[in-house]
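Worksheet: one structure, shown below.
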Amino acid sequence: MTYHLSVKTGGKGAAARHAKYIGRRGAFESKSEDLVDTFSGNLPGWTSGDTTKFWQTADKYERSNAAVYREYEGALPAELTHAQMREALEEWMQHVAPNKPYEVAIHEPVAALGGVPQPHFHAMVSDRVLDGIDRPAELHFRRYNPKKPEAGGSKKDSGGRTPLALRNELKETRKAFADLLNRHLTANGHAPRLDHRSHQERGLSAEPGRHLGPARVQRLRTAQAQAATSP
């Protein structure tokens, strides 16, 4: 397994559809064969635990130029069982979203080349921090009112940081995820082996593995088949 963790944001109008994609719901049910598990947490009371309702409401009421969700997407060690993967990710969500609404999906597609499982996860997180105030749905995503919090939306914790601060935060996040997975590998009888640093930072000359798209995979499979049948 090559270490991988990316963090990106999604804008207004994209959240509900993306949540259905990672959860293999609605139009994406045909992809459900690779869905291992889903779970969510810290949802406001007005959702009644319904993540689709949360993201649809976010798309409707969040400001037009705002990030509606932050997504963490990363590879998981195939040595861990599905239950152990979930346990690791539940701990991870306590680290990155201790008081923010989130939804997590674990996928395990099989590689087109080699036929090996490729477990990974998607975690969608709202930057709206829960503060104990029982707001209605239409108020939750409005601008925060510091003088009268109950009259405004839930506060977002994503603003005001410089590009340098954001880069340093990403480095710390990547290290924290590698450390967490290594702890869970060790706890379950496997050698810790994940390093968040780049090959250059580690003094290695080898290039990181490259993702092969469907077209390149098909060309490689065709070439392999032709080679196998050649005299």
Side-chain angles (χ1 to χ4, degrees), residues 1-11 14-15 18-19 21-23 36-43 51 54-55 58 62 66-80 84-108 118-131 154-188 190-204 207-211:
M1 168 187 162
T2 301
Y3 176 87
H4 170 70
L5 178 72
S6 64
V7 185
K8 59 185 178 182
T9 58
H18 192 64
Y21 168 75
I22 70 169
V36 172
D37 201 356
T38 62
F39 63 95
S40 58
N42 300 332
L43 296 172
T51 56
F54 178 82
W55 298 119
E62 188 62 83
V68 176
Y69 66 91
R70 190 171 307 273
E71 181 181 18
Y72 299 84
E73 189 269 325
L76 296 168
E79 296 97 320
L80 298 181
Q84 291 165 355
M85 291 177 188
R86 173 162 176 158
E87 183 179 359
L89 289 175
E90 287 177 342
E91 182 180 340
W92 176 243
M93 298 316 296
Q94 288 301 311
H95 176 75
V96 298
N99 54 357
K100 294 186 285 188
Y102 66 81
E103 178 175 3
V104 179
I106 302 173
H107 297 165
E108 192 174 66
Q118 296 181 320
H120 63 275
F121 80 98
H122 299 261
M124 293 176 64
V125 179
S126 169
D127 283 331
R128 297 279 180 176
V129 178
L130 300 185
D131 55 9
S154 294
K155 187 177 182 179
K156 300 186 80 170
D157 71 348
S158 56
R161 297 195 289 275
T162 66
L164 177 60
L166 290 172
R167 285 197 298 272
N168 289 336
E169 182 180 297
L170 178 58
K171 288 181 180 179
E172 292 172 0
T173 299
R174 286 173 53 80
K175 181 181 185 302
F177 186 58
D179 290 345
L180 179 144
L181 289 182
N182 281 329
R183 287 199 306 274
H184 280 263
L185 283 167
T186 301
N188 290 288
H190 306 288
R193 56 179 178 76
L194 298 175
D195 196 318
H196 70 286
R197 297 173 298 170
S198 68
H199 279 58
Q200 182 177 3
E201 290 171 327
R202 296 162 61 188
L204 302 176
E207 294 185 2
R210 296 176 60 186
H211 173 70

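Taking CG of Leu89 as the reference point, atom OH of Tyr72 lies at 13.0 Å (rounded to 0.5 Å). Atom CG of Leu181 and atom CG of Leu194 lie 5.5 Å apart (nearest 0.5 Å). The CG atom of Asp37 sits 5.0 Å away from atom CD1 of Ile106, with the distance rounded to the nearest 0.5 Å.
With sequence neighbours excluded, no residue forms a ring-ring contact (aromatic ring centres under 6.0 Å, His included) with Phe39. Judged as a ring-ring contact (aromatic ring centres under 6.0 Å, His included), and not counting sequence neighbours, the contacts of His122 are His107, His120. For Glu62, the side-chain hydrogen bond (donor to acceptor under 3.5 Å, both in side chains) criterion is met by Arg128, not counting sequence neighbours. Asp127 pairs by the side-chain hydrogen bond (donor to acceptor under 3.5 Å, both in side chains) definition with Arg70, Ser158, not counting sequence neighbours. A search for salt bridge (Lys or Arg N to Asp or Glu O under 4.0 Å) contacts involving Lys155 returns nothing, not counting sequence neighbours. With sequence neighbours left out, Ser154 forms a side-chain hydrogen bond (donor to acceptor under 3.5 Å, both in side chains) with Arg135, His140. Every residue meeting the side chain to side chain contact (heavy atoms under 4.5 Å, CB included) condition with His190, not counting sequence neighbours, appears here in chain and number order: Glu79, Leu80, Leu185, Asn188. Annotation: side chain to side chain contact (heavy atoms under 4.5 Å, CB included) contacts of Ala187 (sequence neighbours excluded): none. With sequence neighbours left out, the side-chain hydrogen bond (donor to acceptor under 3.5 Å, both in side chains) criterion links Arg183 to Glu91. Applying the side chain to side chain contact (heavy atoms under 4.5 Å, CB included) rule to Glu108 yields the partners Val36, His82, Met85, Pro117, Pro119; only residues at least two apart in sequence or on another chain are considered. A search for side chain to side chain contact (heavy atoms under 4.5 Å, CB included) contacts involving Thr186 returns Pro192, not counting sequence neighbours.
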Exercise. Could you please spell out the steps behind the side chain to side chain contact (heavy atoms under 4.5 Å, CB included) verdict for Met124 and His18?
Key: CA-CA 9 Å; Met124 293 176 64; His18 192 64; 3.7 Å; yes
Self-check item: Worked verdict on Val104 versus Thr38 for side chain to side chain contact (heavy atoms under 4.5 Å, CB included)
Solution: CA-CA 5 Å; Val104 179; Thr38 62; over 6 Å; no
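Between Thr9 and Val68, every side-chain heavy-atom pair lies at or beyond the 4.5 Å cut-off. Between Leu5 and Trp92 there is a side-chain heavy-atom pair separated by less than 4.5 Å. The shortest side-chain heavy-atom distance between Glu71 and Ser6 does not fall under the 4.5 Å cut-off. Lys156 has its side chain out of reach of Val129: every pair of non-hydrogen atoms, C-beta onward, lies at least 4.5 Å apart.
Between Phe54 and Tyr69, the distance from one ring center to the other does not fall under 6.0 angstrom.
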Pairs of donor and acceptor atoms involving the side chains of residues 93-102, under 3.5 Å and at least two apart or interchain, shall be tabulated with distances.
residue : atom : partner : partner atom : Å
Lys100  : NZ   : Asp157  : OD1          : 3.4
Lys100  : NZ   : Asp157  : OD2          : 3.1

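Trp55 approaches Ser126 most closely through the heavy-atom pair CH2-N, 3.9 Å. For the pair Ala178 and Tyr3, the tightest heavy-atom approach, listed with the atom from each and the gap, is CB-CE1, 3.6 Å.
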